Chemist: 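Okay, here's the structure, questions in a sec.
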Amino acid sequence: MPIVLKCHKGIGPTVTGVALVADDNFSARYDLDRINGTFSRPAHKLYGERYVDRILVLVTAKGGVASAWMLREIAARGMAPKAIIFDRANTILAQGAAFAGMALVDRFEAGDPTRLIRNGDELRIEPANGLVAILNRE
Amino acid sequence: MLAGEQGRARRWALRHQIEVGEFFDARDFVPVAQAHVMADTESLGEEGVRWLEGLAALTPEECRVRVPTITDPRGVDFDTYKRLGQTDAMADIEARAIRAFEALGVLMTNTCINYQTVLPPVRGEHLAMGDTGVVVYSNSVMGARSNFEGGPSALAAGLTGRTPRYGFHLDTHRAGTRHFHIGRAPRGLADWGALGGIVGRATNSYWEVPVIGGIERAPNSDELKHFGAALASFGSVALFHMPGVTPEAPTRDAAFQGRPIPAATMIGEAEFEEFYTSYAAKGDRVDVVVFGAPQLSLLEIEKLAGLLDGREVHSATTLVVTTSPEVKFAADRMGLTRRIEQAGGIVAAGICFYQSYAREMAEANGWQRLVTNSAKLVNIIAGYGYKPTLAATEQCVDCAVSGRIV
């Protein structure tokens, strides 16, 4: 049986993918090179990592409002993460995920997901049911 | 609206708002007096502009906004874009976005200082503001009520005239949760921004409300503007209280809504020094000096003109000032723009530098080392490949003139 984590009801479709985890925060404008698909802010813990088609697992959203447009824009070019998991989302990333049709969940019963999910874990996110399954661990 | 009887634009808007509202457990909607849309073309991209054009192609009855809806800075200023190394393709997509917004009935104010220049929010007024600096100022300094509303959500609010009632629309989220005490008075705009950065880094959550004590005198609007913008940028913070200064905090107890007051984190000389040191690069060549983020008020521009009188920006350095179209008009009329441009500076209207294809400008102009008095900008701009340094306004001008960090 995979490990199943309960969270608040989320946004977007059910998806599966591989986790990219860091004890850090997120802004599409501040942190990403959206042309090359990598984290580009030197101070970010995922600096240099490719994020395309990964499930980002981060603590919270920070900074500006641009991410609300940018998630849809990078999705249209095939340069988006597959989904985002936060300990606690802010309004912008929730709005951006809704606009982009991207899966996003937060508020886990067991606490901070960056401590529960490991880099490289294979995940299935069910936003409508408020569930995240870690498929490669029992 | 949801059944589509009021058109496709309003149906999309309400569906979007319900999805977001359910995520945040909103129980109903609240009417808003204004919406403010962040939608620079760098963020929109081709996809976003096409989506706007799709809305704009509907009939006016279907697509025009219902409450006054204004815009944040744009990606391009048509009068200065070539001097900044921006391209005709950027200007073309900008023109398309503007045409679409105008068809939707959106007022192209192109400003992130609308609380200084357009229609200041009022205590208790519910709003749908984009731009984190606008939200934190409206909530904290004016006592209005808004969440961070990204471009699509702010536009949705303009179309429906309401927004889901969650977050900072509710009393319960407006109580102080973190406590800071200032032991060293900020001495200028860069210091106020640095203070916002220090408190923002320590707070680091949209859902926390910092209370800042120890303020010796009431800061002016530009000081609070830089403080709030940096606080929001570093910490994703949407509301702060300053007992004795901001309207919901006549006392410290009121700031915490009568709840237990947490022990205060002290902020003194050492914290300021550490903040500046993390961006220091003394002696380095300076490629570009930027005054913006947020756009400058008329009084900031007047001060800058005075600092530049009789001096000349170094030939290897570019000095850029960004302000709102209304302030630019006033600065033109009063001769301030002429004084800054005589010294070799560029005064751009309706943009705010980091929302204006900053990476492409850096590549086109060979810019790397950037000096600014904006703590918000030093936080953002490193992600675009710049090496930023924070300095006082006077020091920024000295850097621009000498071409080196002094």
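Below, chains carry the letters A, B, ... as their sequence lines are ordered, and counting in each starts from 1. Keep in mind it's a predicted model, so treat the numbers as computed, not measured.
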Chemist: Please name the pair of heavy atoms, one in A:Met70 and one in B:Ser43, separated by the smallest distance, quoted to 0.1 Å.
Modeler: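 Scanning both residues completely, I find the closest heavy atoms to be CE-OG, 3.6 Å.
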Chemist: So for atom CZ, which belongs to A:Arg115, do other residues, nucleotides or ligands contribute more than 12 heavy atoms lying within a distance under 6.0 Å?
Modeler: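 Atom CZ in A:Arg115 is not packed in, count stays at 12 or less.
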Chemist: Is the count of non-hydrogen atoms from other residues, nucleotides or ligands lying under 6.0 Å from B:Glu53 atom CD greater than 12?
Modeler: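 More than 12 heavy atoms, drawn from other residues, nucleotides or ligands, come within 6.0 Å of this atom.
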Chemist: Quick check on the interface: out of B:Ala154, B:Ala39, B:Ser205, B:Ala238, who has the most heavy-atom pairs with chain A under 4.5 Å?
Modeler: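 Top count of heavy-atom pairs under 4.5 Å with chain A: B:Ala39.
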Chemist: Under 4.5 Å heavy-atom distance to chain A, tell me which part of B:Gln355 shows up: side chain, backbone, both or neither.
Modeler: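 Both parts, backbone and side chain.
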Chemist: From A:Arg41 CZ over to B:Asn379 CG, what is the distance, rounded to the nearest 0.5 angstrom?
Modeler: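 Going from CZ on A:Arg41 over to CG on B:Asn379, the span is 6.5 Å.
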Chemist: Could you check whether any side-chain N or O of B:Trp207 sits under 3.5 Å from a backbone N or O of A:Ala89, counting only pairs where one atom can act as donor and the other as acceptor?
Modeler: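 Yes, B:Trp207 side chain to A:Ala89 backbone: donor-acceptor pair under 3.5 Å.
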Chemist: Could you tell me whether the side chain of A:Ser40 and the main chain of B:Gly383 form a donor-acceptor pair under 3.5 Å?
Modeler: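 Flag set: sc A:Ser40 to bb B:Gly383 pair under 3.5 Å.
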Chemist: Just give me the residue among B:Arg15, B:Glu149, B:Lys376 that pairs up with chain A most often, heavy atom to heavy atom, under 4.5 Å.
Modeler: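 Winner by heavy-atom pair count: B:Glu149.
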Chemist: Taking the basic N atoms (NZ, or NE/NH1/NH2) and the acidic carboxylate oxygens, is any pair closer than 4.0 Å for B:Glu42 and A:Arg29?
Modeler: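 A salt bridge links B:Glu42 with A:Arg29.
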Chemist: Less than 4.5 Å to any heavy atom of chain B: does that hold for the side chain of A:Leu104, its backbone, both, or neither?
Modeler: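 Looking at A:Leu104, backbone and side chain both touch chain B.
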Chemist: Kindly say whether B:Gly150 contributes a backbone atom to a donor-acceptor pair with the side chain of A:Gln95 at under 3.5 angstrom?
Modeler: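 Pair found, side chain donor or acceptor close to backbone of B:Gly150.
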Chemist: Is a salt bridge present between A:Lys9 and B:Glu22, judged by a nitrogen-to-oxygen distance below 4.0 Å?
Modeler: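 Yes, charged N to carboxylate O under 4.0 Å.
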Chemist: Counting only non-hydrogen atoms closer than 4.5 Å, does B:Ala156 touch chain A with its backbone (N, CA, C, O), its side chain (CB onward), both, or neither?
Modeler: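 For B:Ala156, no heavy atom lies under 4.5 Å from chain A.
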Chemist: Using the side-chain contact (heavy atoms from CB on, under 4.5 Å) definition, which of the options B:Phe23, B:Phe168, B:Phe148 pairs with A:Thr91?
Modeler: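 For A:Thr91, the side-chain contact (heavy atoms from CB on, under 4.5 Å) test succeeds with only one of B:Phe23, B:Phe168, B:Phe148, which is B:Phe148.
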Chemist: Between A:Trp69 (side chain) and B:Asp40 (backbone), is there a donor-acceptor pair under 3.5 Å?
Modeler: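 Answer holds: no.
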Chemist: Side chain, backbone, both or neither: which part of B:Tyr384 has a non-hydrogen atom closer than 4.5 Å to chain A?
Modeler: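 B:Tyr384 touches chain A through side-chain heavy atoms alone.
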Chemist: So how far is it from B:Phe234 CZ to A:Tyr30 OH, rounded to the nearest 0.5 Å?
Modeler: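 OH of A:Tyr30 is found 8.5 Å from CZ of B:Phe234.
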Chemist: Is chain B contacted by the side chain of A:Asp33, its backbone, both, or neither, given a heavy-atom distance below 4.5 Å?
Modeler: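 Looking at A:Asp33, backbone and side chain both touch chain B.
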Chemist: Would you check, one step at a time, whether the test side chain to side chain contact (heavy atoms under 4.5 Å, CB included) holds for A:Arg107 with B:Asp25?
Modeler: CA-CA 12 Å; A:Arg107 286 164 284 175; B:Asp25 302 316; 3.7 Å; yes
Chemist: How close do B:Asn204 and A:Thr60 get, counting heavy atoms only, and between which atoms?
Modeler: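 What the structure gives for the nearest pair is O-CG2, 3.9 Å.
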Chemist: Taking B:Trp51, B:Tyr206, B:Tyr354, B:Trp12 one by one, which has the highest count of heavy-atom pairs under 4.5 Å against chain A?
Modeler: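 Ranked by heavy-atom pairs under 4.5 Å with chain A, first place is B:Trp51.
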Chemist: Where is the tightest heavy-atom contact between A:Asn90 and B:Ser236, given as atom of each residue plus distance?
Modeler: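 Nearest heavy atoms, A:Asn90 then B:Ser236: ND2-OG, 3.2 Å.
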Chemist: Might you point out which heavy atoms bring A:Ile11 and B:Glu19 nearest each other, and give the distance in Å?
Modeler: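 Closest pair (atom of A:Ile11, atom of B:Glu19, distance): CG2-OE2, 3.6 Å.
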Chemist: With a 4.5 Å cut-off on heavy-atom pairs, point out which of B:Ser153, B:Gly167, B:Gly200 contacts chain A the most.
Modeler: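 Heavy-atom pair counts peak at B:Ser153.
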Chemist: Is it the backbone or the side chain of B:Arg359 that comes under 4.5 Å from a heavy atom of chain A, or both, or neither?
Modeler: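 Contact with chain A involves the side chain of B:Arg359 alone.
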Chemist: Got a second to check how far A:Leu71's CG is from B:Glu47's CD, nearest 0.5 Å?
Modeler: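 Here the rounded value is 12.0 Å.
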Chemist: Can you confirm whether more than 12 heavy atoms, excluding those of A:Arg77, are under 6.0 Å from its CZ atom?
Modeler: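 It does: A:Arg77 CZ has more than 12 such atoms within range.
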